[in-house]
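Everything numeric in this text was worked out from a predicted model, so none of it was measured.
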Amino acid sequence: MGTQGPRDYRELLRAGRWFASLPADLQERLVEGAALRTLTARQRLFSRGDEADGLYAVLDGGIRVSGSSPSGREALLTLLEPPSWFGEISVFDGQPRTHDAVAESEALVLHVSRPALDAILEAQPRYWRDLGLLVTTKLRLAFSAMEDMALLPISVRLARRLALMVEGYGEREHQRRTVEVSQEQLAQMLSTSRQTANHLLKELEGRGLIRLSYGTIEILDLEGLRRAAQPTD
């Protein structure tokens, strides 16, 4: 991943809608106050209950955000890819981390420490609103996911999740054509079995909407996938 510094990743960060929408001064302050952290595959960045230590952005690789029960059963919430920002909840309330964040593969993250972030916000309190927009964007997604779980069939929820993932959950300015996710991971995110996820993915593949490969789903017809993600009644 080389020996580059945080400033070298500004253009990558600007490919994300949230960071690109920030005032230029805040963009600069976040990057200047940040450090890079390299993670090996399966390395834990933080755990539920850890003290809040600032804000993160994914620059390379992927970060798995999940929770687990006392018995060890895991609930996979999302897989974060560049240029996603995360960790903002604890920035606001100062409470411990709500979930585990683990590198899915070798990864590089930008870390704006809590002292650095506090200094930025104390100097310019108006920037709290910009951080608030990061929270509300994710809150909207969470509410939609809760509603989908209650009202939509699993086939529609799966198509909708794939469409959201290829769009970076609304964060990317430019959509990709592949999603780096296994069928097991997709099943975990949708709270269904791997067998069900496999069956539904095969149906989408049969309709020419996607192509399945090991650990990767290629989107062949994004508009068709979006139509499949809409309820029929």
J.: Flag the pair M165 / E180 as yes when at least one side-chain heavy-atom distance between them is below 4.5 Å, and no otherwise.
T.: no
J.: How many angstroms lie between CE in M146 and CG in L151, if you round to the nearest 0.5 Å?
T.: 11.0 Å
J.: Side chain of S182, backbone of Q185: donor and acceptor closer than 3.5 Å?
T.: yes
J.: For the side chain to side chain donor-acceptor pair (under 3.5 Å) test, which of R161, R160, R157 pairs with D148?
T.: R160
J.: Can you find a side-chain donor-acceptor pair between Q188 and R64 that sits under 3.5 Å?
T.: yes
J.: Roughly how far, to the nearest 0.5 Å, is CD1 of I154 from OG1 of T192?
T.: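 It is 4.5 Å, given to the nearest 0.5 Å.
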J.: For E81, does its backbone N or O pair with a side-chain atom of S84 as donor and acceptor, under 3.5 Å?
T.: yes
J.: Could you tell me if R10 and Q27 have a donor-acceptor pair between their side chains, going purely by distance under 3.5 Å?
T.: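 Judged by distance alone, the side chains do not pair up.
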J.: Donor-acceptor pair, T136 side chain versus L133 backbone, under 3.5 Å?
T.: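 The answer is yes, because a donor-acceptor pair under 3.5 Å joins these two groups.
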J.: Should L220 and L209 be regarded as members of a common hydrophobic cluster, given that ILVMFWY residues are connected when their side-chain heavy atoms come within less than 4.5 Å of each other, either directly or indirectly?
T.: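 Shared cluster, no.
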J.: Taking atom CD of Q230 as the centre, report whether more than 12 heavy atoms of other residues, nucleotides or ligands fall under 6.0 Å from it.
T.: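 Count over threshold, so yes.
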J.: Do any N or O atoms from the side chain of H99 and from the backbone of L77 form a donor-acceptor pair under 3.5 angstrom?
T.: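 No: the side chain of H99 does not pair with the backbone of L77.
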J.: Honestly, is R97 close enough over F46, meaning NZ or CZ under 6.0 Å from the six-membered ring centre and within 45° of the axis?
T.: yes
J.: Using a distance-only test with no angle check, is there a side-chain donor-acceptor pair under 3.5 angstrom linking Q43 and E106?
T.: no
J.: Measure from the side-chain N and O atoms of R17 to the backbone N and O of G170, and report whether any donor-acceptor pair falls under 3.5 Å.
T.: yes
J.: Ignoring hydrogens and geometry, is there a side-chain-to-backbone donor-acceptor pair from R42 to E104 under 3.5 Å?
T.: yes
J.: Is there a donor-acceptor contact under 3.5 Å from the side chain of S21 to the main chain of W18?
T.: yes
J.: Do M149 and L200 land in one hydrophobic cluster if side-chain heavy atoms of ILVMFWY residues count as linked below 4.5 Å?
T.: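 No, it is not one cluster - the side chains of M149 and L200 are not joined through contacts under 4.5 Å.
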J.: Check the side chains of S47 and R44 for a donor-acceptor pair under 3.5 angstrom, ignoring hydrogens and angles.
T.: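 Side-chain D/A pair, R44 to S47: present.
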J.: Main chain of A107, side chain of D60: is a donor-acceptor contact present, judged purely on distance under 3.5 Å?
T.: no
J.: With a 3.5 Å cut-off and no angle check, do the side chains of E218 and T178 form a donor-acceptor pair?
T.: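 Side-chain D/A pair, E218 to T178: absent.
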J.: Do F19 and W85 have ring centroids that are under 6.0 Å from one another?
T.: yes
J.: Quick test of your reading: applying salt bridge (Lys or Arg N to Asp or Glu O under 4.0 Å), list the pairs with at least one residue in residues 122-133, sequence neighbours left out, ordered by first then second residue.
T.: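 Passing the test, one end in residues 122-133: no pairs.
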J.: In sequence, state the C-alpha distance, the side-chain angles, and the governing distance for H199 and Q195, and then conclude on side chain to side chain donor-acceptor pair (under 3.5 Å).
T.: CA-CA 6 Å; H199 173 73; Q195 291 77 10; over 6 Å; no
J.: Taking only residues two or more places apart in sequence or in another chain, which ones pass side chain to side chain contact (heavy atoms under 4.5 Å, CB included) with P115?
T.: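 Listed in chain order: S113.
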J.: Are the side chain of S90 and the backbone N or O of Q95 linked by a donor-acceptor pair below 3.5 Å?
T.: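 Answer holds: yes.
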J.: I'd like to know if the side chain of D25 pairs up with that of Y127 as donor and acceptor (distance under 3.5 Å, no hydrogens or angles considered).
T.: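 Indeed, the side chains of D25 and Y127 share at least one donor-acceptor pair under 3.5 Å.
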J.: Go through the structure and list residues passing side chain to side chain contact (heavy atoms under 4.5 Å, CB included) with I89, not counting sequence neighbours.
T.: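 For I89 the side chain to side chain contact (heavy atoms under 4.5 Å, CB included) partners, ignoring immediate neighbours, are D93, T98.
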